Number of protein chains: 2
Amino acid sequence: MARTPERDGGASARRAAARPRRRPTIQDLAQAAGISPSTASRALSGNGYVAAEVRARVIAAAEQIGYVPDGNARSLRSRTSRAVGVLISDIRNPFYANLAAGIEEQLRSAGYHVIVVNNDGQPEAEVEGARTFMAVRVSAAIITPVSNRAVRMLMNDGVAVVQADRMVDGATSDGVLVDNVQGAQEITGHLVGLGHTAIALLIDETDWTTGAGRLAGYRAALRSAGLPMDPALVVPTRFQPEAARSAVNALLDRRPDVTALFAANNMLAEGAFQALRLRGLRVPEDLSLVAFDDVPWMSMVSPGITTVDQHTDQLGRTCAQLVVDRLEGPATEAATVRYIEPSVVVRGSTGPPRTLLPASAEGPASTVSRRTVTPGPRRRPTR
Amino acid sequence: MARTPERDGGASARRAAARPRRRPTIQDLAQAAGISPSTASRALSGNGYVAAEVRARVIAAAEQIGYVPDGNARSLRSRTSRAVGVLISDIRNPFYANLAAGIEEQLRSAGYHVIVVNNDGQPEAEVEGARTFMAVRVSAAIITPVSNRAVRMLMNDGVAVVQADRMVDGATSDGVLVDNVQGAQEITGHLVGLGHTAIALLIDETDWTTGAGRLAGYRAALRSAGLPMDPALVVPTRFQPEAARSAVNALLDRRPDVTALFAANNMLAEGAFQALRLRGLRVPEDLSLVAFDDVPWMSMVSPGITTVDQHTDQLGRTCAQLVVDRLEGPATEAATVRYIEPSVVVRGSTGPPRTLLPASAEGPASTVSRRTVTPGPRRRPTR
DNA sequence: CTGTTAGCGCATTCAA
DNA sequence: TTGAATGCGCTAACAG
């Protein structure tokens, strides 16, 4: 059963509270190695000349006495920092979680560490987070912005900023974006190719580059197919799944001619999926459903949801790489924006529109594994 | 469409690289407010006497010149830090994501910030993370331990450690655990109550307090029901869903008499669910499935998965609270361990065993909303 | 190649 | 109630 701390008595439990022992400083290290502090510093940091033999001795001594350089003192003196701030909306959302994971892994392997702040989509919390980053003197910050204030504050403060997933007006920084237009266009095109003509778009915002791009891609696909652009099929909703559920219900009550539904992100897809199920609609026989952003539940449900994979891990890693380039590379003048090429993942939630279906046709059996269509080139450097 | 940075020309783009402006220091602030640095320090930190009028003037001046105290200098001098390390296995797993989110929210509201390190379940990465925490001088660390090394290192270094979700031998610290025994016992009891007698437990480890507790709870439920304890029904597997899938397949090939399956965590449940679907088994008509840990896909699939809700958010917030108590409270001697009371969420994946079913019975329609059974007391202080 | 000197920005003595 | 002096631990100059 549970290993309880009582097991080992009070001796080490007492250590939990008190913290008396002074940490060894570089002075102690220098003394232990029989050299001066500055030589010890050079030996450990690798800056400046140190005899190989001496370096080895210092490293051994450091190991011996358990010396760990004080990052605060080091930052203070050297005016640099290995800390990078990550300011995201909601780490519970798998999109942000994967983004953060990609960032963290890449930065960790480059010798940086990450300070994570959730802002819950609140501009005030975002500014508060930026203030925290300034206080701890991060050298860079990666932000999925909700307003331009935090980005501006940080850039004014000399922090290297990378906007992730979306970019806001009035703040020019590096950025990594998904090609929302292409992803949306491609998946809408998939529906068009199946014969759909009344395709609704469920979307919560069109002010950010994400929503605007997805709407544009949706429209472009319809346009290039010569389909009518019915404004009533662009269904606004709030971000919560419950809101999306209501919006879908209202839409289907109003427009029984709709044969396909495109949910602009994973939250809306969740609500849409629930709405369809609660109405007892069969997917894809009665209605096809597609989404933007691939999250785990979409491949667990039957049929699986056809969606746009944003390669969120890669998005995160690319942000991290941009940070490292900016911090360690030459002092390039221009802000750079990279694009991630999304790809459509076709699962069982899409099929021909119902009017084209033979009376008693069965949908394709869904599979657990994903079939990716048009893997294509994964990355487009800049644009 | 996308708001590209080119929009605003090169002027501010140039700022992206260069960072010339010196940040205002407390000297600048003092000068601006017409007082000495030490008075400014007291005014902002609230330590020591400052005339109310002077404090107001300092705060106004700080706002005016954009002064943000340097956390590094402050930590260095005061030998304290508002940084807390969070060392978890895999932030992509919703369990850890929720844990981290709960921790971050609670700590942020208490004025701390978190440094997040993923260790991918690797002891070496865990030690590396601990070293990072030591280097940046966190005042506390919250860890889901994979070995006892990191915990010991940090405690030896005087860092307040909270072990989260599980505790390891050989390292005595504060901790927050889920009552795995009770959760497992309760959900196994649920199956027993439905009439199941051949219940398999799919489990990846029994060395940690988590696996050990869940196994113990499973056994306790069988014992108290007077059911035979068949060791062959405790099915070992590795942690990955694919491994779980194979293990379930092998089990069902070997033991056609099994009527219910208990997956000991969300990853194993994923594999188990896929295995059942790929075999074409109906849930719960052919086999009942339950899990430990409630993650989003479990309420999206049909039927929903009956599972143990660990209240992961609360787990995280409790860890954070323990940290704050330890850092700000009196220097209590004893390490404290809190328990989170899990609760069973009954969905559609459980029903009577197939031998008791009338030939052509249909399972209950699954619903999206959750029905929670025995909400009961949410928290038990200590144990 | 190594040691000495001098702060980084701040909070904390201690006097006033 | 305020100010002057003193390092926290480290690294960047500089001189050897």
Side-chain angles (χ1 to χ4, degrees), chain A residues 19-59 61-62 65-83 134-139 157-158, chain B residues 19-59 61-62 65-83 134-139 157-158:
Chain A
R19 99 192 45 153
R21 266 181 15 287
R22 196 176 64 84
R23 276 188 255 250
T25 72
I26 202 167
Q27 297 272 5
D28 303 319
L29 174 61
Q31 197 159 1
I35 40 126
S36 77
S38 44
T39 301
S41 170
R42 283 186 298 249
L44 290 182
S45 71
N47 296 15
Y49 301 104
V50 182
E53 184 270 328
V54 174
R55 165 175 290 128
R57 189 144 43 93
V58 171
I59 290 174
I65 68 174
Y67 171 74
V68 178
D70 184 321
N72 290 312
R74 192 177 263 194
S75 289
L76 183 60
R77 176 62 236 235
S78 67
R79 305 167 153 293
T80 63
S81 147
R82 307 299 286 181
M134 291 169 60
V136 302
R137 301 306 196 240
V138 298
S139 52
D157 198 52
Chain B
R19 103 192 42 156
R21 267 180 15 289
R22 197 176 61 84
R23 276 188 255 251
T25 72
I26 202 167
Q27 297 273 4
D28 303 319
L29 174 62
Q31 197 159 1
I35 40 117
S36 76
S38 39
T39 301
S41 171
R42 284 186 298 250
L44 291 182
S45 71
N47 297 15
Y49 299 105
V50 183
E53 183 270 328
V54 173
R55 163 174 292 129
R57 189 145 42 93
V58 171
I59 290 174
I65 69 174
Y67 171 74
V68 178
D70 185 321
N72 290 313
R74 190 176 264 194
S75 289
L76 183 59
R77 176 62 234 238
S78 67
R79 306 166 153 294
T80 64
S81 146
R82 308 298 286 182
M134 291 169 60
V136 302
R137 301 306 196 241
V138 298
S139 52
D157 198 52

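Here is the naming used below: chain letters follow the sequence lines, and residue numbers restart at 1 for every chain. The figures that follow rest on heavy atoms only: side chains count, while hydrogens, waters and symmetry mates do not. Here the structure is a predicted model, which is why all the values come from computation and not from measurement.
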Check [X] against [Y] and note the closest heavy-atom contact, atom names and distance.
{"X": "B:A30", "Y": "B:P37", "value": "CB-N, 3.5 Å"}
{"X": "A:V136", "Y": "B:N72", "value": "O-ND2, 3.8 Å"}
{"X": "B:R55", "Y": "B:A43", "value": "NE-O, 3.4 Å"}
{"X": "A:I26", "Y": "A:A40", "value": "CG1-CB, 3.9 Å"}

Separation of [X] atom [atom1] from [N] atom [atom2], in whole Å?
{"X": "A:L76", "N": "C:dA6", "atom1": "CG", "atom2": "C1'", "result": "13 Å"}
{"X": "B:M134", "N": "D:dC10", "atom1": "CE", "atom2": "C1'", "result": "17 Å"}
{"X": "A:L44", "N": "D:dG9", "atom1": "CG", "atom2": "C1'", "result": "13 Å"}
{"X": "A:Q31", "N": "C:dT2", "atom1": "CD", "atom2": "C1'", "result": "17 Å"}
{"X": "B:N72", "N": "C:dC8", "atom1": "CG", "atom2": "P", "result": "15 Å"}
{"X": "B:Q27", "N": "C:dG7", "atom1": "CD", "atom2": "C1'", "result": "12 Å"}
{"X": "B:I35", "N": "D:dA4", "atom1": "CD1", "atom2": "P", "result": "11 Å"}
{"X": "A:D28", "N": "D:dC8", "atom1": "CG", "atom2": "C1'", "result": "13 Å"}

Worksheet entry | N/O (side chain, B:T25) to phosphate O (OP1/OP2, C:dG9) under 4.0 Å | no
Worksheet item: Would one find a side-chain N or O of B:R79 under 4.0 angstrom from OP1 or OP2 of D:dG9?
Response: yes
I'd like to know if the side chain of [X] and the backbone of [Y] have a donor-acceptor N/O pair within less than 3.5 Å.
{"X": "B:S75", "Y": "B:G71", "result": "yes"}
{"X": "A:S139", "Y": "A:T80", "result": "no"}
{"X": "B:R137", "Y": "B:M134", "result": "yes"}

Item to complete: Give the B/S/- string for nucleotides 11-16 of chain C, one per nucleotide from 5' to 3', where a protein heavy atom under 4.0 Å of the base yields B, of only the sugar-phosphate yields S, and otherwise -.
Response: BB----
Item to complete: Measure the angle between the two terminal helix axes of the helix from C:dC1-D:dG16 to C:dA16-D:dT1, five base pairs each, and quote it to 10°.
Response: 30°
Discussion item. Return whichever of B:G48 or A:P24 has its heavy-atom-nearest nucleotide of DNA chain D closer to the 5' end.
Written reply: B:G48
Fill in: Carboxylate-amine/guanidinium contact B:R22 B:D28, below 4.0 Å
yes
Worksheet entry | Close side-chain approach of A:L44 and A:L29, heavy atoms under 4.5 Å | yes
